[in-house]
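Here the structure comes first, spelled out in structure tokens, and everything after it is commentary.
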Protein chains: 2
Amino acid sequence: MEFSVDTSLGYQINHVARLLARDLEARIKPEGIALGAFPALLHLWEKDGLTQKELVARLGIEQPTLAATLARMERDGLVTRRRDEGDGRVQRVRLTPKARALREVAYDAAMDVNAKALQGFDEAERELLMALLRRVILSVEGTENNG
Amino acid sequence: MEFSVDTSLGYQINHVARLLARDLEARIKPEGIALGAFPALLHLWEKDGLTQKELVARLGIEQPTLAATLARMERDGLVTRRRDEGDGRVQRVRLTPKARALREVAYDAAMDVNAKALQGFDEAERELLMALLRRVILSVEGTENNG
DNA sequence: CAATATTACATAGCAAGCTATGTATTGGAG
DNA sequence: CTCCAATACATAGCTTGCTATGTAATATTG
């Protein structure tokens, strides 16, 4: 088949991702949350005191990317980093009270963005889209540059 | 409904986008094409000699982002920029022979990445996913920060 | 137990996205 | 024709992604 931008999964996924990112950023920046901090906060709200390594595994980003993001989050008063007693290499990341207080506002923002993106979708369609995306993730992660 | 990373469209779309971008980059970088140059090239292969403004409209990125990308592409010998005769403000972007020669290789790379991502999908599922993504794009673009 | 390897994180440097703003050319109003 | 607005692009500065490499602490091995 001939290649075309309109039928390219990668092109369109990239397009959607940028649109959703812009939208989310517009909602959370006024609350004092940078776009890159958001995924890290989601996991820390689930389980506070994670190490950098644990966060890297959960987020699927590279370690230096997270280190820089955590530095900005510390600067912005969202987290503190403290050396682990017992293992001096480990930095445990802890949410500040300010960050803990932002949880509901942030959830609402994310749910609003998703709801807008999925307006007109019934529950079955929404589930279907998420299921298809999960399959794509497994395919790409499963072969990790050996394809 | 309670918010969760696993059921968040934005989170998962962002994840897929990064995975696909990494994969494509690994394939095209050795050919001398940077990741950011790829979408611009796709449109220039369709129609050479576009202006920056026309490319910005087609790509859905901001003008300064494209200006920087074109500067890198010029540095890398993929395009030349020439002032339009008749309107001294306009820069027409033209592909170099080198860039024209890369077309098939680039198409193949993109199709490979998409095929890997969609492995195990039949044609109907593939069409369905693309259709759902198109609906998401329309929803998000259609309300453009008025939601 | 000293030397080495491994681990966890930090730093440097680049790409590519963004907003805000500057500059040069063109077009239009008086 | 002159002045001002609009247009097309460039520049500056930030964020967030990446790879490659450095550093300090811990674990392992001969």
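Chain naming here is simple, since letters A, B, ... match the order of the sequence lines and numbering starts at 1 in each. The basis for the numbers below is simple: all heavy atoms, side chains too, and nothing from hydrogens, waters or symmetry mates.
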Give the nucleotide from the list [options] with an atom nearest to the side chain of [X].
X	options	result
A:R89	D:dA24, C:dA20, C:dG17	D:dA24
A:V90	C:dA8, C:dG27, D:dG17	C:dA8
A:A67	C:dG17, C:dT11, C:dT7	C:dT11

Sugar-phosphate only, base, or nothing, as touched by [X] at under 4.0 Å among non-hydrogen atoms:
X	result
A:L66	nothing
B:R75	sugar-phosphate
B:A68	nothing

Pairwise distance CG(B:L129) to CD1(A:I13) - rounded to 0.5 angstrom: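 Atom-to-atom, B:L129:CG and A:I13:CD1 are 6.0 Å apart.
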Quickly work out the [X] [atom1] to [N] [atom2] distance and round it to whole Å.
X	N	atom1	atom2	result
A:I61	C:dG17	CD1	P	18 Å
B:K53	D:dC9	NZ	C1'	12 Å
B:D84	C:dG27	CG	P	11 Å
B:F38	C:dA15	CZ	P	18 Å
A:E25	D:dT15	CD	P	11 Å
A:Q91	D:dA24	CD	P	14 Å
A:L78	D:dT16	CG	P	11 Å
B:L70	D:dT11	CG	C1'	15 Å

Are the side chain of [X] and the backbone of [Y] linked by a donor-acceptor contact shorter than 3.5 Å?
X	Y	value
A:T51	A:Q91	no
B:D76	B:I33	no
B:K53	B:V90	no
A:E31	A:I28	no

DNA chain C: 5'-proximal contact among A:E54 and B:E62 (nearest heavy atom):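 This one resolves to A:E54.
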First of A:G60 and A:D76 reached from the 5' end of DNA chain D, by closest nucleotide: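 By nearest-heavy-atom nucleotide position, the 5'-most residue is A:D76.
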Given DNA chain D, 5'-ward residue of the pair A:G86 and A:L35, judged by closest heavy atom: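 Taking each residue's closest nucleotide, the earlier one in sequence belongs to A:L35.
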Below the 4.0 Å mark, does [N] have OP1 or OP2 next to a side-chain nitrogen or oxygen of [X]?
X	N	answer
B:R81	D:dA10	yes
A:Q63	D:dC18	no
A:R72	D:dT16	yes
B:Q52	D:dT7	no
B:R22	D:dG17	no
A:T65	D:dT16	no

CZ/A:R82: more than 12 non-hydrogen atoms of other groups inside 6.0 Å: no
